[in-house]
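Contents: one structure, followed by commentary.
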Amino acid sequence: MSRKRPQNGADSRPNPKPLMDLSTAYWGSQTLFTAIRLGIFEGLANGPRTSESLARTINTQPHPTQLLLKACVALGLIKEDSIGFSNSDLSETFLVPGTDYYLGNSFRYADDLFSTWGRLQDAVTDGKPAISPETYLGGKKENTTHFVYGMHNRALAIGGAMTKIVDLSGRKKLLDIGGGPGTLSCLFAKRYPDLRAQVLDLPDIVTVAAEIILSMGVSSRVSTIPGDYKKTEFPATNDVVLISGVFHRETEENCRKLMMKASDALADGGMIIIIDIFTDAGNAGPLFSTLFGLNMLLTAEDGGVHADIDVMSWLSECGFENMQITPLPPPMPHRIITGYKDVVLGKA
Ligand SMILES: C[S@@+](CC[C@H](N)C(=O)[O-])C[C@H]1O[C@@H](n2cnc3c(N)ncnc32)[C@H](O)[C@@H]1O
């Protein structure tokens, strides 16, 4: 029943502030994206400057530039003192191009999808992604290259943590299904000198992956297989099958099929590693994971998000044993699920 306005006195209405904040949350996102695109953090990297001086460098109008800078100050992205504006520690660390921890390229992906999110209603109504996945999976060369290098940047961060969590000692042959840039395989190969890996992905993706594998210095042990993981027969007798960032593109039925194919591709005692953004049981949290599910709905034919506990039960029904789930350290939202085929015969 709807709540009525009381005739007099205070009532117990909830505070509407969360709704007001949500309704304007994109103002902050677009302020960040615009500042990155205009080169504001790069322009402020060498100390305080006035807004007029910065506007001349980045070729913008003085008054709007000042409004943007003041909003950045309020967002904690920029500091202001009597001399002018300079980067906050946060921006100096993560938003100045060319520095060790630069995250601007990763935020570019969210920026690229800004207008796509405006079509969420269509995606929910029609059940179709708002953009064609083919555009970044080979259809358009430039988008595909951006997508693969964007995945590479993300995988470098995930992979550093992953190789500390997952122990592949003694394992020699890894199959990386939907391996994208091949970065995770390369990081494992660097850590385990006896490990060889094969990265299976769509033909236009592995063309870019081959460049990345070469640049990571492990091309003698990491190779690519152009193919479609739904149709291509997987090579057999692997010690490890890695499936990272793939399940959020697939239905439960397709995930189960991939698990069965992975099982067939593993030797006894072989290890399956599934890395993804998962929700908790019931799919209603964490918040980032639920919103990520919508992001995937917008960008992939069968996109969404699965609960980690559901994926573990599918693995168990496919015959995997000794499952374990490990979250990556915050702020990374990913979780790693590992399991083993035929533990008794193998070495798990
Ligand atoms: C989010 S990316 C993950 C890449 C990589 N595994 C990682 O974690 O860095 C998903 C990958 O699945 C690949 N993919 C999607 N559909 C595929 C299919 N039918 N066959 C093979 N690869 C596919 C995409 O090209 C993309 O590289």
Side-chain angles (χ1 to χ4, degrees), residues 105-106 109-110 112-113 129 131-141 143-163 165-166 174-189 197-213 215-216 222 224-235 240-251 253-255 257-259 261-262 265 272-278 289 292-293 295-306 328 332-338:
N105 288 335
S106 312
Y109 171 71
D112 285 349
L113 289 182
I131 57 167
S132 158
E134 280 70 39
T135 54
Y136 59 90
L137 294 181
K140 289 194 180 161
K141 193 164 190 291
N143 292 29
T144 303
T145 306
H146 279 164
F147 176 62
V148 181
Y149 274 90
M151 286 192 290
H152 172 56
N153 286 341
R154 253 195 314 278
L156 282 173
I158 297 169
M162 173 200 72
T163 51
I165 291 170
V166 180
L174 181 149
L175 175 64
D176 188 354
I177 297 170
T183 316
L184 297 180
S185 282
C186 291
L187 291 172
F188 273 132
Q198 290 177 292
V199 179
L200 187 150
D201 208 298
L202 300 168
D204 292 313
I205 305 290
V206 295
T207 304
V208 186
E211 286 170 23
I212 292 173
I213 294 166
S215 75
M216 292 188 72
V222 180
T224 57
I225 305 176
D228 178 335
Y229 55 54
K230 292 182 186 160
K231 299 182 190 147
T232 305
E233 197 178 328
F234 294 165
V240 188
V241 169
L242 171 63
I243 309 179
S244 169
V246 167
F247 278 15
H248 62 240
R249 313 182 60 84
E250 300 296 345
T251 59
E253 187 189 353
N254 285 339
C255 292
K257 283 185 185 160
L258 276 174
M259 285 175 184
K261 278 184 85 170
I272 189 164
I273 309 169
I274 299 175
I275 305 179
D276 221 308
I277 294 174
F278 296 113
S289 305
F292 177 75
N295 192 70
M296 291 317 302
L297 169 76
L298 285 162
T299 55
E301 206 64 53
D302 291 316
V305 63
H306 303 289
L328 290 187
M332 283 179 277
H334 303 75
R335 299 174 187 174
I336 302 181
I337 299 176
T338 51

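In listed order, ligands and their atoms are each counted from 1. Owing to the predicted nature of the structure, the values given are computational and were not obtained by experimental measurement.
- For ligand 1, the 4.0 Å heavy-atom shell takes in L137, M151, A155, G178, G179, G180, L184, D201, L202, I205, G227, D228, Y229, S244, G245, H248, R249, ordered by chain and residue number.
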Side chain to side chain contact (heavy atoms under 4.5 Å, CB included) assessment of I273 paired with F188: CA-CA 12 Å; I273 309 169; F188 273 132; 4.3 Å; yes

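- The pair K230-E250 counts as a salt bridge, with a side-chain nitrogen and a carboxylate oxygen less than 4.0 angstrom apart.
- Inspection of the E253 and T251 side chains reveals no N or O donor paired with an N or O acceptor under 3.5 Å.
- No side-chain donor-acceptor contact under 3.5 Å links D176 to the backbone of A197.
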Contacts under 3.5 angstrom, residues 148-155 side chains, donor-acceptor by atom type, not counting sequence neighbours:
{"residue": "Y149", "atom": "OH", "partner": "E211", "partner atom": "OE1", "Å": "2.7"}
{"residue": "H152", "atom": "ND1", "partner": "T183", "partner atom": "OG1", "Å": "2.8"}

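- Inter-residue side-chain proximity for I275 and L242 is flagged as met; some heavy-atom pair is nearer than 4.5 Å.
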